[in-house]
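First the proteins, then the strands, lettered A, B, ... as listed; each starts at 1.
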Amino acid sequence: MCGIFAIFSSDGEAIGAQTLEGSKHSLRELAYRQSGRQRHRGPDSTGVVIVPEQGVAMVHERLRIVGVEMGDQPFVSDDGNLVLVANGEIYNYLELSAQIAKRRHGYKPKSDCHVILELYKDYGVDLLQHITGMFAFALYDKRSKEVLLARDPFGIIPMYVGEDDAGNLWVASELKCLTPCCSKVETFTPGEARFGRVGALRRWQHFEQPWQQELPSLPCDLSLLRTSLESAVRTHLHCDVHFGALLSGGVDSSLIASIATKIMRETKPNYRLKTFSVGLRDAPDFEAARQVAKYIDSEHTELIFEIDEALDGIRDIVYHLETYDVTTVRCSLPMLLLTRFIKSTGIKMILSGEGADEIFGGYLYFHKAPNYEQFHQELVKRVQQLHLSDCLRANKVAMAKGVELRVPFLDTSFVNYVMNIRPEDKIPGPLNAFKSEQKSRLEKFVLRAAFADGYLPDSVLWRQKEQFSDGVGYDWIDSIRRVATSHVTDEEFAQASERFPFNTPSTKEAFYYRCIFEQQFPGDSAARTVVRWVPRLDWGCPEDPSGRAQAVHQINKD
Amino acid sequence: MCGILAIFSPEGQPIEVQNFKGSEHSLRELAYRQSGKQRHRGPDDTGVEIIAEQGVALVHERLAVIGVETGHQPLYSKDGNISLIVNGEIYNYVELTQQIAKRLPGYQPKSDSNVIIELYEQHGQELLQHITGMFSFVLYDRRTRQLLVARDPFGIIPLYMGKDLQGNLWIASEMKCLVEVCEQLQIFPPGHLAAGTVNHLKPVRYYQPSWRQLVPNNNVNLDELRRQVELAVRSHLQCDVPFGALLSGGVDSSLIASIAARIMRERDPNYKLRTFSVGMEGSPDFEHARMVAQHIGSEHSEIAFNVEDCLDGVRDLIWHLESYDIATVRCSLPMFYLARHVKSTGIKMILSGEGADEIFGGYLYFHKAPNYEEFHHEMVTRCEQLHVSDILRANKVTMSKGLELRVPFLDTALVDYVMNIRPQDKIPGRLNEFDGECKWRMEKFVLRQAFAGDYLPDAVLWRQKEQFSDGVGYALIDALPVFAARHVTDAQMLLAEKRFPINPPKTKEGYYYRCIFEEQYPGDAAARTVEKWAPRLDWGCPEDPSGRAQAAHDKAYGKC
């Protein structure tokens, strides 16, 4: 994975030298410097293309994963007219390359993302109907001075756009590249595309599915569910460097690790996956992860952290996450320590279980959904918000240390399959009516049932969900709340709504994160890129977002 | 290798919460945040120790190279009273461990640095007479409130110290950790130690070889010289992670790679060393490096760059180097590019040839040395300036990408052997009197002669030196002044002495680097830590520091 950055002048004309922090910067210098703020995303190399007479700068920070030797970007078409910077993985690139080769003999892609350039020649903006994967890219056509920007359906890969005072368009994987140069910034919506000349960009959703609007009626077919997930994992294993898998101890990441192991053993019977888990000493997650590791015979490492050590990272994590959302900050800190450790072992890519809770309705508060319709609509909403919460966290925390995280549950066709399953089969608790037999079932029942045979030990397969931040050890949440709170006085907190009229922090903990965010990302428009986790108070959920505070969990513990 | 940072209150009292950049910071938060500026030195792991009641903070940013699993720092004595943070490698730690184990049966160090604690318990500050290697460390004894700070003989590892407004003492591997908080700051001098309580700390020299003062009169013994170089390389090969070697195409790095390959093959006859070279396309160095790679059977990679790729890095490079010296910036650009590539291959340690030019008198201008005595003293000066020039560059550029560079030519025993050789044997040109026979000889003649045979192809073994900055391609050297001139007006140049009274820049290129430095490291104290390369004008050397400008080189190219 990588970081991308681009500046397109408002009128397609040259951009002159300008002063930034006291020094004169040419367009290239400015672009290189600002892109440097996300260089952690691409520790391996930087590529720059400048089209000076058209006021275009495109920068690519690269982490070499697929096409190690050849894949340095920006990619430029043979005739020199198209320039592309892409961040992500196109999982169906082998099929696409084969198709392209039929039209252009001898075509060999320089990496998975290279096919985007070729498909643009053939299909124009409709190329978005052909690629699947996680991606964000900017493509520039010198002849027409047109720009194409697009982001994957669920926003696994981040992308922001901004505008400076001269009206130039800025694009970057991380918000930090746009501050302090852009007075306006916004999150580029997942599943969106924009095309045209700067100032006249047409916007549309390239990802539109019936399940986004309608209540699906398809009964779940467990064997189809199983094969769909298996093929999703298979496509996510394209990788030319060392990789591993996270084991949180929950069913989601454990399933991914188990399936990946089985696939790798088809060609290497003695293959042992490298797996990792993180927690405080005696964290509940460790035991479950250990059972999985033993079951799938992985080469397993436990990273035990001290509370103080994780707290050290608060300021850095807000900077990397670009959010002040309390839940996201809390559960990202142990993950930051873990990804640093993983990177130090030489691993560049890691598989994880994000997304299953959104598409299957795995969060504990889903037990409170009053009916099928509301349940499904809440799932849709959670899927749409993934890019602001779990995906944002997963991507930016891993990329903070130059590790690529892949999330097979969010494979486009797999999501489409699962989101087309009727809510009766997925809803947890007494409303569940799988196979038309209504009885109380665990959340994510169909997922667990589909993999009942030989994938995981039963104790994990049927384990109740823990929010990640609880699973690492119960002391963690208490400690971070206490430390963050201690930084804020009553007087400061009393001024919260004046100081932060937008998304006013409701606790001292939230106030503290907000202050750090404000220092690093000043301005209203940056604050508006953040959407806070909002509990379904109307379903009777408590304000506190930690899993433990949710009643179902409490019942199971007691 | 790693990064270290320490804060000590002046009287051993607690350090209160303080406001920094708009937020309240506890001592721990402040230390962690400032140390974060050198986290590139230790990408793998951070260790923090706070002794709140004594106002002490110790932070260690770790790149795990030896004792990967167990070497987390700070390290502690058994009773917990002594804490230690170290950046570097103690190359004789295996022998030292055996000695310690005689006194403490069953002793097993957690990493090479661990032995410093046991040696301190036994010898106090005299421990510095026992360890060899490249290092900077801070040791604190909480019972006596004594600290011991030390830096290796040649300053291979950087170290800075400063004082903030409250009088707290700050110590860090890189100046960037100190510059915002300390009003006073200075380089901690190489070969020095400082022991005592915070208020009575003064660096004193512990490394005092006789060759610093006296002109030596030992004849070189080529067999012994070869043995010493080989021993040095051998000790530098202790490493628990993948490593490689740089090949600049010159004789120094090539020799190191050749010797390393031989030693590794003693253990594994099929061993292939990984070697790397960097340059612009068509650079003469590529060809020589390729010859060496072929000769020693290494797995070789060539990293070619274009001028613009390198120019992009100027601002970041000055941030990392903490220097505005023109020669240093120039030579570092390709290396900066290379280090990123090497790191991306999974390699964490790399061998290189720095130091040979200083101890053998390899620079071209040494041809102009008027006599043996001045030749020797110039070498001594160069050795003492290593830490502000080549070594500063080598260390900070590679560590900017979390890559450890090791320089066997600066092994203490090897330097002592070579610097004790009489200048008659080492001086280049017609004053050379090797083996009692006075005739014109090439620079570094004795080194080359000692490794004649099948270590290297003759074309490399007897190749004339190129300054690294020239060897990578004249186009870059030519592009830099043009590039810099775009940023500096003639009017600004006229006021250079006013704006920068300390080391005023004389060229637009120098002025541009200085402006970037000033932005990142404001203040006189920071500007004074930089020493500019000064040519021996009295020997008739030109102002321009590039090797090409030196006449001996032109001669080798048939230009005069």
Under a 4.0 Å threshold between the charged nitrogen and the carboxylate oxygen, would [Y] count as salt-bridged to [X]?
| X | Y | value |
| --- | --- | --- |
| B:Arg28 | A:Asp312 | yes |
| A:Asp316 | B:Arg39 | yes |
| B:Arg340 | A:Glu61 | yes |

Report the distance from atom [atom1] of [X] to atom [atom2] of [Y], rounding to the nearest 0.5 Å.
| X | Y | atom1 | atom2 | value |
| --- | --- | --- | --- | --- |
| B:Tyr337 | A:Ser45 | OH | OG | 7.0 Å |
| B:Asp44 | A:Phe341 | CG | CZ | 9.5 Å |
| B:Glu24 | A:Thr489 | CD | OG1 | 9.0 Å |
| A:Ile314 | B:Arg33 | CD1 | CZ | 13.0 Å |
| B:Ser23 | A:His487 | OG | NE2 | 8.0 Å |

Exercise for the section: Locate the shortest heavy-atom distance separating A:Arg64 from B:Ser344; write the atom from each residue and the value. Expected result: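 Taking A:Arg64 first and B:Ser344 second, the nearest heavy atoms are NH1-OG, 3.1 Å.
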Exercise for the section: Check B:Asp316 against A:Tyr32 and note the closest heavy-atom contact, atom names and distance. Expected result: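 The pair with the smallest heavy-atom distance is OD2-CE2, 3.6 Å.
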Considering only heavy atoms, which portion of [X] lies under 4.5 Å from any heavy atom of chain B: side chain, backbone, both, or neither?
| X | answer |
| --- | --- |
| A:Arg315 | side chain |
| A:Thr345 | neither |
| A:Lys24 | both |

[atom1] of [X]: more than 12 outside heavy atoms within 6.0 angstrom?
| X | atom1 | answer |
| --- | --- | --- |
| B:Glu308 | CD | no |
| A:Glu53 | CD | yes |
| A:Lys508 | NZ | yes |

Problem - Contact winner vs chain B - A:Lys401, A:Glu306, A:Glu29, A:His242, heavy-atom pairs under 4.5 Å - result: A:Glu29
Problem - Check: A:Pro43 and B:Lys401 side chains under 4.5 Å, non-hydrogen atoms - result: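 The answer is no, as the side chains (C-beta and beyond) never meet within the 4.5 Å cut-off.
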Practice task
Would you confirm whether B:Lys348, through its side chain, and A:Ser344, through its main-chain N or O, come within 3.5 Å as a donor-acceptor pair?
Solution key: yes
Exercise for the section: Heavy-atom distances under 4.5 Å only: say whether B:His25 touches chain A with side chain, backbone, both or neither. Expected result: side chain
Exercise for the section: Identify which of B:Ser26, B:Pro43, B:Gly36 forms the greatest number of heavy-atom pairs closer than 4.5 Å to chain A. Expected result: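 Top option by heavy-atom pairs under 4.5 Å: B:Pro43.
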Exercise for the section: Please step through side-chain hydrogen bond (donor to acceptor under 3.5 Å, both in side chains) for the pair B:Thr46 and A:Arg340, ending with a clear verdict. Expected result: CA-CA 10 Å; B:Thr46 302; A:Arg340 188 174 185 189; 2.6 Å; yes
Handout entry: Stepwise side chain to side chain contact (heavy atoms under 4.5 Å, CB included) test for B:Val48 and A:Asp308
Key = CA-CA 9 Å; B:Val48 183; A:Asp308 280 348; over 6 Å; no
